[in-house]
Amino acid sequence: MSILQEKSHQIQQILREKNIDLWLTFVRETSALRDPVLDFIFGPEDLTWPSALIFTASGERIAIVGRYEAEAVQRLGIYNPVHYYDQSIKPVLLEILNELQPHHIAINTSPNTVHADGLTHGLYQILMDYLAETPFYERVIPAEGIINALRGRKTPSEVTRIREAVATTEEIYARTFAYLRPGMTEKQVGAYMHKLLDEYQLESAWSYEHCPAVNTGPNSPIGHGGPTELVIASGHLLHFDFGVKKNDYCSDIQRMGYVLRPGESTPPEEVQRGFDTVLAAIDAAVAALKPGSTGVQVDTAARDIVIQSGYEGHKYATGHQLGRLAHDGGVVLGPAWERYGDTPHQPIEVGHVYTIEPGLMVEGYGYIGLEENVLVTQNGVEYFCPPQRELILIRGVA
């Protein structure tokens, strides 16, 4: 069974659980502006004319598409029946809604997550105009809860693909740490990792120019900026943020090294203390990450460790969901800040996959950030690969 078929089988259960009897995805010219949910209910192909993909709590899967795309949609093996039209989708759509008589019509709008907000304003206006003279106009609701559940609850096949992406990322990290030397620039090391991506015939998990992030020492800009001409030198913390996309699914892992000064065999006390604090924050997040908890509870557990240890709290969420995208939407393991909307207050569920990535600055040495990828199970979490528990020590230049 394909992942597309696996996900389509989840939908009926989700609709029943949410007490929503009909979900409508309304799209057009998806080659120009693609609703993110199409990867889960339609696949990589495009739809041209205004099209409606309908799922119901009683099990119907109905597609309404332009005449010349009906056969291709039929071949998916997902939708039956597949209706087509020539001049206007409106009469066919209204006829089907009148037959089904839904109490709710969930559409792809959301104030909280971009992955559930795929219905453009223009198409929303068209749809509401279609419904204006019908009782369905007052029955329209957001589909955010449906889409978050569909994206978040990973099927066994999805988990396998993430696991494979993580394993390959581990291999690339191992080869990179074996390759790099003090005196190289961040850009040189980043170029080597890009060379490995080409060798493995993979894509980066986010924008190529910024993946990997390579940060050496205290002056390297942290975030989505990409490697610079800064030179790796003794006494520097060396931070990486990197992921791959393999078979359409992503990894997102951060790793840390320290470049020893002449005469050093262990990191300085302040470096080790910072690293141990990040480890403790990850452990606290893992302990809090379980079905029924909220993202803000997990973030608070990690953030409190960092702040109580005397460091400034990180200016980003402690973690995010991972899947087809590195930032996969749904619950955010973040603080109750306005920019995150309601996402930190939503419940964590079995089958969710998260990153856990607290970090802090150590003055004079640089940034310490670790990022682990974990699967939520009935009993807690499972790491996709062994977590980094010790700084990788790099021999400096004598």
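Keep in mind it's a predicted model, so treat the numbers as computed, not measured.
Side-chain atoms of Phe26 and Pro50, non-hydrogen and from C-beta on, do get closer than 4.5 Å to each other. Ile162 places a side-chain heavy atom less than 4.5 Å from the side chain of Phe384. Asn80 places none of its side-chain heavy atoms less than 4.5 Å from the side chain of Arg61. No side-chain heavy atom of Gln272 sits under 4.5 Å from any side-chain heavy atom of Thr277. A 4.5 Å side-chain heavy-atom check between Phe55 and Ile146 finds every atom pair outside the cut-off. In this structure, Asn247 and Glu164 have side chains that are in contact, with non-hydrogen atoms separated by less than 4.5 Å. Between Leu325 and Lys245 the shortest side-chain heavy-atom distance falls below 4.5 Å. Counting heavy atoms from C-beta outward, Val140 and Tyr137 have side chains that stay 4.5 Å or more apart.
Using a cut-off of 4.0 Å between Lys/Arg side-chain N and Asp/Glu carboxylate O, Glu199 and Arg175 are scored as salt-bridged. Using a 4.0 Å cut-off between charged nitrogen and carboxylate oxygen, Glu269 and Arg273 do not count as a salt-bridge pair. Ion pairing between Arg28 and Asp46 fails under the 4.0 Å rule for side-chain N and carboxylate O.
Applying the side-chain hydrogen bond (donor to acceptor under 3.5 Å, both in side chains) test to every pair with at least one member in residues 376-387, sequence neighbours left out, gives these pairs: Arg163-Glu382.
Relative ring orientation between Tyr354 and His352 is described as perpendicular, the plane-to-plane angle rising above 60° on a 0-90° scale split at 30° and 60°. Ring pair Trp49/Tyr85 is tilted by interplanar angle, where 30° to 60° counts as tilted. By the 30° and 60° cut-offs, the orientation of the rings of Tyr367 relative to His239 is perpendicular. Between Tyr79 and Phe42, the ring planes lie tilted relative to each other; the angle falls in the 30° to 60° range.
Crowding of Glu99 atom CD: a count of heavy atoms from other residues, nucleotides or ligands under 6.0 Å exceeding 12.
Ring centroids of Tyr208 and His194 are separated by less than 6.0 Å, placing the two rings close together. Aromatic ring centres of His210 and His224: separated by at least 6.0 Å. Under the 6.0 Å cut-off for aromatic ring centres, Phe177 and Phe240 qualify, their centroids lying closer than that.
Looking at residues two or more places apart in sequence or on another chain, you find no ring pair (Phe, Tyr, Trp, His ring centres under 6.0 Å) involving His104.
For the atom pair CD1 (Ile253) and OG1 (Thr169), the distance works out to 5.0 Å, reported to the nearest 0.5 Å.
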